[in-house]
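Since this is a predicted model, take the numbers as computed values, not measurements. Just so it is clear, the values below take in all heavy atoms, side chains as well, and ignore hydrogens, waters and symmetry mates.
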Amino acid sequence: MTQEQSRGEPESAHSDTPGAPDAAPPPGRRDDAQGGDIHMEARLAKLERLRERGIDPYPRRVIRTQTAAEARALFEADPESGSRVAVAGRIMTIRGMGRLTFATLRDGSGEIQVSFTRDRLGQEVYQDLRNLDLGDFLGVEGALFATRAGEITVQAETCAMLAKALRPPPDKWHGLRDVEQRYRQRYLDLLANEDAREIFRARSIVVSAIRRFMEDRGFIEAETPILVPLAAGAMAAPFRTLHNALHRELFLRIATELNLKKLLVGGFERVFEIGRIFRNEGIDAAHNPEFTTMESYEAYASYHDVMEMVETLTHHVCLLVRGESTVSYGGQAIDLTPPWQRLSLIDAIKEWSGIDLLDSRARSADGLRAAVRDAGLAPAENSSWPQMVDKLIGELVEPRLIQPTFLTDYPVEMTPLAKTTERDPRLVERFEGFIGGMEIANSFTELNDPLEQAARLRAQEANRQQFTTEDFDRLDEDFITAVEHGMPPAGGLGLGIDRLVMILTGQTTIREVVLFPQLRAPE
RNA sequence: GGCCCGCUAGCUCAAUUUGGCAGAGCAGCUGACUCUUAAUCAGCGGGUUCCAGGUUCGAGUCCUGGGCGGGUCACCA
């Protein structure tokens, strides 16, 4: 290292060996589960040696005038100029050959090779290179040149330790494979695996593209409470928590729906929220207990308008992320170009199960249960009518909807917040959007009749009593009061961001698109 | 919760079939080397084989129980 330091003992002539290694900590082996081992001891010894040489391993100031990518571009623009640059990054590889050493630095823009020679740096500083390890952050200043092999390289004239790493990076060749460790220590995954970096870059693009798309359409973004006195607006079990000062039980929201609708009452005509919601249920390839949705509400629109918006938005985001309209998912080519297929739920179930949900025999829970059994499924003994419809959709319909499809017009029993259709009061104006056999969107023409809304939610409460499950919505009096003040007709939407990112990045488990997915507690 | 698979050096993996001294590459340490890029070459150190029992002369390997992870089914938007 150069800069201000380098007043050590002149090294004994022949050996390039720096300080004696016997100053290392006691050799007792330990392993604190993270590599508190020989590697860490060696690095701590090097850290100490740097300090003895008067070098701060964690300096406050950094001189960087180019990113790695900028430095390379500079050289490519004019290979003869010998431009001087100052780059900084993490040491990914280092190769010493006597009095010449090459290292590869990586920063946020990419990688660049740097070279050190004893001739240029002097013996003392060159010796200090022995205190470098993979993973350390280093700053290098010098002229650009191309090696015989053509690699653009910074010929170091000075170099400075920017941050010493005490633990080694993942295997530089194999990367990090252990799935659990990839999730628990995502930073190592990002460090080692370009694929992982790409997924989360794509996710960032998706979120920002959705936000811009909505803003361009005149929607304003809202942030509504996550801690709520009643978890309503969807059918799911909530997480509970306790507010100490209020001595009150609170819940984590399971949807942003009801508060956003209150904003419609308040006069905002187009609102959306991108945020985390929480559902206390099982964890699998398609479910993480906390996940991100974009919900939007548009006054004077219907679910037909929302359908158009969803297909346009999804296609737009796909183009931005992938540069084309198609994605490959689970070995199938999927084309997101609008318009997407529209399919009535009643027709879909009739076609794939033979059951006509509007037929009088299928209207009762017992009648439907018999029909579902005839269709080869095994509904639970006391399952409710909506639960069995849900099962039919999940087992027979959803897996077939690989190409983007809107499933439309659901039974009123399973959708308390949507307006009924004009031609059939047993159905509501609702659609769900499916891609790759996975639900990614849910939308209604919102129910704005306060009396009917209250009655429908009371029916949900009654069902929850009868079936003692969480599969029914709750009656939120504050929400009813708001609707009683008058809510404009509106089209609403819930879009699953995580699943959309899965589709767009070709991932088949949600954990690959959530930075820190929920896992069981260690130990 | 049921079933299946996995857990071996810091990392990635062998050895498990047929019970018989637990190995390699990378990383680490020592040395050589001025154009490497998974640098190379020589040498060295490094293991509670996830845990606890059991069978056996002998267990990484077989048996039982447990832990953690993954997959799948069930549950669940």
Of the nucleotides G31(B), C29(B), G71(B), which one has an atom closest to the side chain of R130(A)? G31(B)
Scan E111(A) against the nucleic acid and name what it touches under 4.0 Å (heavy atoms): base, sugar-phosphate only, or nothing. nothing
In whole angstroms, how far is the P atom of U30(B) from the CG atom of N131(A)? 10 Å
From L74(A), V114(A), V140(A), I112(A), residue fulfilling side-chain contact (heavy atoms from CB on, under 4.5 Å) relative to V85(A): L74(A)
C1' atoms of C68(B) and C51(B), separation to the nearest Å: 11 Å
Measure across E429(A) and T445(A) and return the closest heavy-atom pair with its distance rounded to 0.1 Å. OE1-OG1, 2.6 Å
For G28(B), take OP1 and OP2 only and decide whether either is under 4.0 Å from a side-chain N or O of K46(A). no
Inter-nucleotide C1' distance (G25(B), C63(B)), Å rounded: 35 Å
For R118(A) and A32(B), give me the distance from atom CZ to atom P, rounded to whole Å. 11 Å
Using a heavy-atom cut-off of under 4.0 Å over every strand shown, decide if R430(A) touches base, sugar-phosphate, or nothing. base
Taking the six-membered ring for Trp, are F431(A) and F406(A) closer than 6.0 Å centroid to centroid? yes
Taking the six-membered ring of F444(A), is NZ or CZ of R430(A) closer than 6.0 Å to its centre and within 45° of its axis? no
Could you state the atom-to-atom distance from CG of N288(A) to P of C76(B) in whole Å? 19 Å
OP1 or OP2 of G69(B) sitting under 4.0 Å from any side-chain N/O of R184(A)? yes
Spacing of Q181(A) atom CD relative to C13(B) atom P, expressed in whole Å: 12 Å
Within the supplied structure, the quantity of interest is the number of heavy atoms (other residues, nucleotides, ligands) at a distance under 6.0 Å from R400(A) CZ; does it exceed 12? yes
Work out which heavy atom in F272(A) is nearest to a heavy atom in M294(A); give both atom names and the distance. CB-SD, 3.9 Å
Between G66(B) and C76(B), how far is it from one P atom to the other, in whole Å? 27 Å
For the side chain of L100(A), starting at C-beta, report the closest nucleotide among U36(B), C35(B), C75(B). C35(B)
Categorize T415(A) for me: base, sugar-phosphate, or nothing, with a 4.0 angstrom heavy-atom threshold over every strand shown. nothing
Name the stems with RNA chain B in them: runs of three or more consecutive Watson-Crick or G-U pairs, distances under 3.5 Å? B:1-7 with B:67-73, B:10-13 with B:23-26, B:28-32 with B:40-44, B:50-54 with B:62-66
Nearest to the side chain of H287(A), which nucleotide is it out of C76(B), U36(B), G28(B)? C76(B)
Is the base of U36(B) touched by the side chain of Q113(A) through a donor-acceptor pair closer than 3.5 angstrom? yes
Would the distance check show the side chain of D136(A) and the main-chain N or O of A165(A) forming a donor-acceptor pair, the cut-off being under 3.5 Å? yes
G31(B) C1' sits how many Å from Q127(A) CD, rounded? 14 Å
For RNA chain B, whose closest nucleotide is more 5', that of Y183(A) or that of E439(A)? Y183(A)
Among the candidates A74(B), A27(B), U36(B), find the nucleotide nearest to the side-chain atoms of L134(A). A27(B)
Interatomic distance where CZ belongs to R120(A) and C1' belongs to C35(B) [whole Å]: 14 Å
Restricting both atoms to N or O, compile the protein contacts to nucleotides 22-26 of chain B shorter than 3.5 Å, with distance only.
| from | atom 1 | to | atom 2 | distance (Å) |
| --- | --- | --- | --- | --- |
| G25(B) | N2 | D171(A) | OD2 | 3.4 |

Quick one: which of U12(B), C35(B), A74(B) gets closest to the side chain of L176(A)? U12(B)
C1' atom, G6(B) versus U12(B): distance in rounded Å? 15 Å
What's T104(A) touching, base or sugar-phosphate or nothing? Going by heavy atoms closer than 4.0 Å. nothing
Between atom CD in E398(A) and atom P in C75(B), what is the gap in whole Å? 13 Å
Looking at D128(A) and R53(A), is any side-chain nitrogen of the basic one under 4.0 Å from a carboxylate oxygen of the acidic one? yes
With a 4.0 Å cut-off on heavy atoms, is G96(A) in touch with a base, just the backbone sugar-phosphate, or nothing at all? base
I'd like to know if the side chain of E48(A) and the backbone of A45(A) have a donor-acceptor N/O pair within less than 3.5 Å. no
How would you list, by chain and number, every residue that makes a side-chain contact (heavy atoms from CB on, under 4.5 Å) with R499(A), sequence neighbours excluded? A286(A), H287(A), M438(A), E439(A), I440(A), M502(A)
A42(A) has its side chain closest, among C35(B), G28(B), C75(B), to G28(B)
I'd like to know if E446(A) pairs up with K261(A) as an ion pair, taking the criterion as any Lys NZ or Arg NE/NH1/NH2 lying under 4.0 Å from an Asp or Glu carboxylate oxygen. yes
